Chemist: 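This structure is in structure tokens; I'll ask about it shortly.
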Amino acid sequence: MPELPEVETIRRQLGPELIGRRVVEAGSHPSAKFTPARDATGVEFTEDGRRGKFLIFGLDDGRELIIHLGMTGRLAIRSSGRDPSVEEDPDDAYLRAWWLLDDRRLLTYHDVRRFGRIRVVSAGDYSSIPTLHTAGPEPFDETFDSEQFWQRLARSRRPIKVQLLSQRPVAGVGNIYADEALWLAKINPKATRIGKGRAADLLDAIRVVLGRGIENGGTTLRDYRDAEGRSGDNQNALEAYGRVGRPCRRCSNALRSTVIDNRVATWCPHCQRR
DNA sequence: GTACGGCCCTGTTAGC
DNA sequence: TGCTAACAGGGCCGTA
């Protein structure tokens, strides 16, 4: 399930391959989630970017190709283009979109569960993409400080984990890194209000876990692969997510899990008291 | 504006 | 062994 570190890893890999390349043909699965991929025909990639979990590729006609990987989305570049002599990819049943480049290579988007989505919009106009439109600051933005973070958290009284997953206080945190950051900052995922000091701790923790995730090439629990088909290593660095029943690495008490807003949260009942 | 439930999807796993 | 149901979950949408 790609979150900021996974999306950033893919951006860094794809950017140099795509910038300056022109799309000569594009196709997609019939679902409306993917048909906008076809709108990026005849354009040249001019820029690679990311906002939270959204990949944003600048195009030379003043628009942007926006890709969200959902749960199981994968982007890759096939060197063979659509040369029929090349053996078919066994995952082609899940090919949801493709872009044939002017050097005959093929940018492919696979997505088993079809939770991802693709859009082409005027540059900077995200009004048709609610989560992107209302996304909070980038966690590594140097102008984003803990005071702003605390103010954003104070706008809602929903549980802190729900707020993080909403992308509004800060962009790019999903279920895995939310559990990790809350564990690191010793904050209970059901807490509805935290003080400025704890908000500062949480922002620091978010930066630590996301930074570590990027360094480790992302977290692969099952599906995630980077643009070169490789698994990440960050699953070996997880302290909370997926460790329910196992001892907390700080206090040795068994980690617990609970469902908050239809998502599993794993936390330490001793370290992360309310 | 905010909160909340339901839906989209399909491979994997648990239970019978 | 084979079938069925539950589960995973990010984002969107309708309703309150």
Side-chain angles (χ1 to χ4, degrees), chain A residues 1-8 10 28-37 50-56 66-75 89-97 109-119 121 125-136 139 151-182 189-193 206 210 213 218-225 231-232 234-235 238 240-245 257-267:
Chain A
M1 44 204 90
E3 302 179 31
L4 187 151
E6 292 75 30
V7 176
E8 177 64 15
I10 290 168
S28 79
H29 181 277
S31 165
K33 291 179 177 182
F34 309 116
T35 52
R50 179 191 55 72
R51 270 289 280 137
K53 306 177 201 173
F54 291 85
L55 279 164
I56 301 177
I66 298 179
I67 301 174
H68 193 291
L69 300 171
M71 295 278 295
T72 55
R74 286 186 200 174
L75 282 163
D89 185 326
D91 286 335
D92 270 359
Y94 308 114
L95 181 66
R96 308 305 185 193
Y109 177 74
H110 288 84
D111 189 352
V112 171
R113 293 187 204 172
R114 291 197 246 165
F115 270 51
R117 59 201 69 219
I118 297 170
R119 302 296 287 271
V121 301
D125 177 11
Y126 306 133
S127 54
S128 64
I129 308 171
T131 306
L132 181 53
H133 190 56
T134 60
Q151 286 177 0
R152 286 181 161 271
L153 289 171
R155 290 177 190 173
S156 168
R157 299 186 70 173
R158 301 191 79 190
I160 188 107
K161 179 159 180 187
V162 176
Q163 290 209 58
L164 291 177
L165 297 183
S166 78
Q167 307 299 300
R168 291 183 179 213
V170 62
V173 178
N175 205 32
I176 296 172
Y177 294 97
D179 276 0
E180 293 301 301
L182 289 166
K190 285 189 174 174
T192 52
R193 273 188 172 177
I206 287 168
L210 293 178
T219 301
T220 299
L221 296 170
R222 183 177 301 163
D223 300 296
Y224 170 69
R225 297 290 184 278
S231 301
N234 199 59
Q235 60 278 11
L238 299 180
Y241 184 89
R243 297 193 67 246
V244 60
S257 75
T258 190
V259 175
I260 304 173
D261 202 39
N262 291 321
R263 275 127 179 98
V264 173
T266 304
W267 90 105

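All values derive from a computational prediction rather than experimental measurement. Throughout, protein chains are lettered first and strands after them, A, B, ... in sequence-line order, and every chain is numbered starting at 1.
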Chemist: OP1 or OP2 of dA8(C) sitting under 4.0 Å from any side-chain N/O of Tyr241(A)?
Modeler: no
Chemist: Considering only heavy atoms from C-beta outward, does the side chain of Arg114(A) approach that of His29(A) to under 4.5 Å?
Modeler: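 Sidechains of His29(A) and Arg114(A): in contact.
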Chemist: So how far off straight is the helix from dT2(B)-dA16(C) to dC16(B)-dG2(C), going by the axes through five pairs at either end, to 10°?
Modeler: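 The two end axes of the helix from dT2(B)-dA16(C) to dC16(B)-dG2(C) meet at 50°.
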Chemist: Looking across every strand, which nucleic acid part, if any, lies under 4.0 Å from Val264(A) by heavy atom: base, sugar-phosphate, or nothing?
Modeler: sugar-phosphate
Chemist: Rounded to whole Å, how long is the line connecting atom CD of Glu6(A) with atom C1' of dG9(C)?
Modeler: 14 Å
Chemist: Can you list the residues that meet the salt bridge (Lys or Arg N to Asp or Glu O under 4.0 Å) rule with Arg152(A), with sequence neighbours excluded?
Modeler: none
Chemist: In whole Å, I'd like the distance from the CD1 atom of Ile67(A) to the C1' atom of dG11(C).
Modeler: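 From Ile67(A) CD1 to dG11(C) C1': 16 Å.
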Chemist: Mind checking Glu3(A) for me? I need base, sugar-phosphate or nothing, with any heavy atom below 4.0 Å counting as a touch.
Modeler: nothing
Chemist: On a heavy-atom basis, which atom in Asp111(A) and which in Gly73(A) lie closest, and how many Å separate them?
Modeler: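 Residues Asp111(A) and Gly73(A), closest heavy atoms: OD1-N, 3.7 Å.
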Chemist: Answer yes or no: is there a side-chain heavy-atom contact under 4.5 Å between Thr72(A) and Tyr94(A)?
Modeler: no
Chemist: Do Ser128(A) and Val121(A) have side chains that get closer than 4.5 Å, going by heavy atoms?
Modeler: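 The answer is yes, as the side chains (C-beta and beyond) meet within the 4.5 Å cut-off.
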Chemist: Hey, are the side chains of Asn175(A) and Lys161(A) touching, using non-hydrogen atoms and a 4.5 Å cut-off?
Modeler: yes
Chemist: Evaluate the side-chain proximity of Leu164(A) to Tyr177(A): yes if any heavy-atom separation is below 4.5 Å, no if none is.
Modeler: no
Chemist: Are any protein N/O atoms closer than 3.5 Å to N/O atoms in nucleotides 12-16 of chain C? If there are, list each pair with its distance.
Modeler:
residue : atom : partner   : partner atom : Å
dC12(C) : OP2  : Thr131(A) : N            : 2.9
dC12(C) : OP2  : Thr131(A) : OG1          : 2.1

Chemist: For the pair made of NE2 in His68(A) and P in dG9(C), what is the distance, rounded to whole Å?
Modeler: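 Going from NE2 in His68(A) over to P in dG9(C) covers 15 Å.
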Chemist: Starting at CD of Glu3(A), measure out to CG of Leu210(A) and round the result to the nearest 0.5 Å.
Modeler: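 Glu3(A) atom CD to Leu210(A) atom CG measures 8.0 Å (nearest 0.5 Å).
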Chemist: Evaluate the side-chain proximity of Ile56(A) to Tyr126(A): yes if any heavy-atom separation is below 4.5 Å, no if none is.
Modeler: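 Answer yes - side chains close enough.
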Chemist: Tell me the interatomic distance from Leu4(A), atom CG, to dG11(C), atom P, rounded to whole angstroms.
Modeler: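 That distance rounds to 11 Å.
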Chemist: For Arg158(A), is there an ion pair with Asp261(A) - N to carboxylate O distance below 4.0 angstrom?
Modeler: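 Counted as a salt bridge, because a side-chain N and a carboxylate O are separated by less than 4.0 Å.
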Chemist: Could you tell me whether the side chain of Ile66(A) reaches within less than 4.5 Å of the side chain of Arg51(A), counting heavy atoms only?
Modeler: no
Chemist: Do nucleotides 1-7 of chain B as a string where each nucleotide becomes B, S or -: B if the base has a protein heavy atom under 4.0 Å, S if just the sugar-phosphate does, - if no protein is that close.
Modeler: -SSS---
Chemist: Considering all heavy atoms of both residues, which atom of Ile260(A) and which atom of Ala265(A) are nearest to each other, and what is their separation?
Modeler: CD1-CB, 3.8 Å
Chemist: Partners of Pro2(A) by side chain to side chain contact (heavy atoms under 4.5 Å, CB included), sequence neighbours excluded?
Modeler: Glu6(A), Val7(A), Leu69(A)
Chemist: To the nearest Å, give me how far apart NZ (Lys53(A)) and P (dG9(C)) are.
Modeler: 11 Å
Chemist: Ile260(A) has an atom CD1; how far is it from atom C1' of dA8(C), in whole Å?
Modeler: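 Going from CD1 in Ile260(A) over to C1' in dA8(C) covers 16 Å.
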Chemist: In whole Å, I'd like the distance from the CG atom of Leu69(A) to the C1' atom of dG11(C).
Modeler: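 It works out to 13 Å between those atoms.
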Chemist: Could you list the protein-to-nucleotides 9-13 of chain B atom pairs, N/O on both sides, closer than 3.5 Å?
Modeler:
residue : atom : partner   : partner atom : Å
dT10(B) : OP1  : Arg114(A) : NE           : 3.3
dT10(B) : OP1  : Arg114(A) : NH2          : 2.4
dG11(B) : OP1  : Tyr94(A)  : OH           : 2.3

Chemist: Do Ser231(A) and Arg225(A) come close enough that some side-chain heavy atom pair is under 4.5 Å?
Modeler: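 Yes - at least one pair of side-chain heavy atoms lies under 4.5 Å apart.
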